[in-house]
Amino acid sequence: MIKVENVHKRYGLRKILNGVSFTAEKGQITCLIGINGAGKSSLLHAIMGLTPIHGGHIAIDGQPLGTAGYERIAFVPDHLTMPPGMRINEAMRFMEDFYKGWNMARANDLLRFFGLESTERLGNMSKGTAAKFSLMLGLGQDTDYILMDEPFSGIDLFSREKITEVFSSELIEGRGVLFTTHEIAEMERLMDKAVLIQDGKIIRSFDCEAVRYQEGKSVLDVMREVYQS
Amino acid sequence: MENEWDSVAFNSRDPVYLQVVRYFKEQIATGKLQAGQVIPSRRELGAMMKINPNTAQKAYKEMEEQQLIVTEGNSPSRITGDGAVLRTIRSELIGEAVDAFVGSVRKVKVPIDELLDLVRTKYMEEMNRQSGSDEGGTNHD
């Protein structure tokens, strides 16, 4: 379980995270939902230790963040982090050299699954292809958890459909997935848990099937209630 | 036998696992899934219906509890061979459809004989239309 407890973060005087607490379970798909600027990306960065926090605790399976923690979590950023002149296969070799959990066989499966061309240069990829490539790098690691920052943002329909398939496949089986989005229409039936964030605070966190069962409400219905009240 | 697993339109307000169970019931009631037939694994079902693997798991658990499917040891799950259960599914689906129909037609306050005549005519028309298009080979329902 990824456990975030009372986390605070600010940039200068601006409070970005204001006492955030929630959990994301292993074997479940958790979606962090909020409008732009709500603190979603900051929260993912904080979990990955990519940005300092000013209070609170983050633990992965009971252990604080550290090198041991990072081997168990993969991060899929919303932009390319490798040099644009690199080719896809070179990036994969780089991963093999530097990431202990890299699984080349799985990465090659993913390459085929996404229809990526291994000799393509990263700088030449379309936005949709870049998103698939980033996902391949993240899912190609044998980690218990995977964090994805806006995997659908600004991407063409067919790439989005292909990426959505990941969530119903064995690629994520048994892992804990935590991703952010502000476009949930296509994703709402695929997530186990929704965590709504606004102004750096969690305003609601719920089991999606339970809300449909008990209240007959869609995730979007709950969002409307919460954000428009 | 044709199943169009990937074309199921899910609504967003009913639990997904119950919509999956309902889909199975419809397939059983219409004979597209038959008694004793092996069904896809949980993992396959998740991928085919594009649902979360946990939801597929939950749907199968529900169907086992309702004795719709049976899983023995490590063998793949099958549709039950229990005739009583299969008959129940059929009457359950018919009952639900009739309830919905009565619910909406009730407001019009139409005399029962007139209503039944209308139902008979419409139903026959629909059946004829459907068998006509089946012969054409284009209808997959």
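Naming convention: chains lettered A, B, ... in sequence-line order (proteins, then strands); numbering from 1 in each chain.
Neither the backbone nor the side chain of Glu215(A) has a heavy atom closer than 4.5 Å to any heavy atom of chain B. Proximity to chain A is limited to the backbone of Met49(B), based on heavy atoms less than 4.5 angstrom apart. Contact annotation for Glu209(A): both backbone and side-chain heavy atoms come within less than 4.5 Å of a heavy atom of chain B. Interface residue Phe167(A): only backbone heavy atoms are found under 4.5 Å from chain B.
One distance of note links CG of Asp14(B) with OG of Ser218(A); it measures 10.5 Å at 0.5 Å rounding. Taken from CD in Glu170(A) to CD in Glu44(B), the straight-line distance is 9.5 Å, to the nearest 0.5 Å. Between Phe10(B) atom CZ and Glu188(A) atom CD the span is 12.5 Å, to the nearest 0.5 Å. In this structure, CG on Asn11(B) lies 9.0 Å from CZ on Arg212(A), to the nearest 0.5 angstrom. Between the CG atom of Asn54(B) and the CE atom of Met191(A) there is a distance of 14.0 Å, given to the nearest 0.5 Å.
Contact of the Thr164(A) side chain with the Lys50(B) side chain is not registered, since no non-hydrogen atoms from C-beta on lie closer than 4.5 Å.
Heavy atoms from other residues, nucleotides or ligands lying under 6.0 Å from CZ of Phe113(A) number more than 12. Heavy atoms of other residues, nucleotides or ligands lying less than 6.0 angstrom from OH of Tyr227(A) number more than 12. Within a 6.0 Å sphere centred on CD of Glu125(B), other residues, nucleotides and ligands contribute more than 12 heavy atoms.
Here the shortest heavy-atom pairing between Ile51(B) and Ser168(A) reads O-CB, 3.0 Å. Of all non-hydrogen atoms in Val16(B) and Arg189(A), the two that sit nearest each other are CG2-CB, 3.8 Å.
Looking only at distances, no side-chain donor or acceptor of Glu173(A) sits under 3.5 Å from a matching main-chain atom of Pro53(B).
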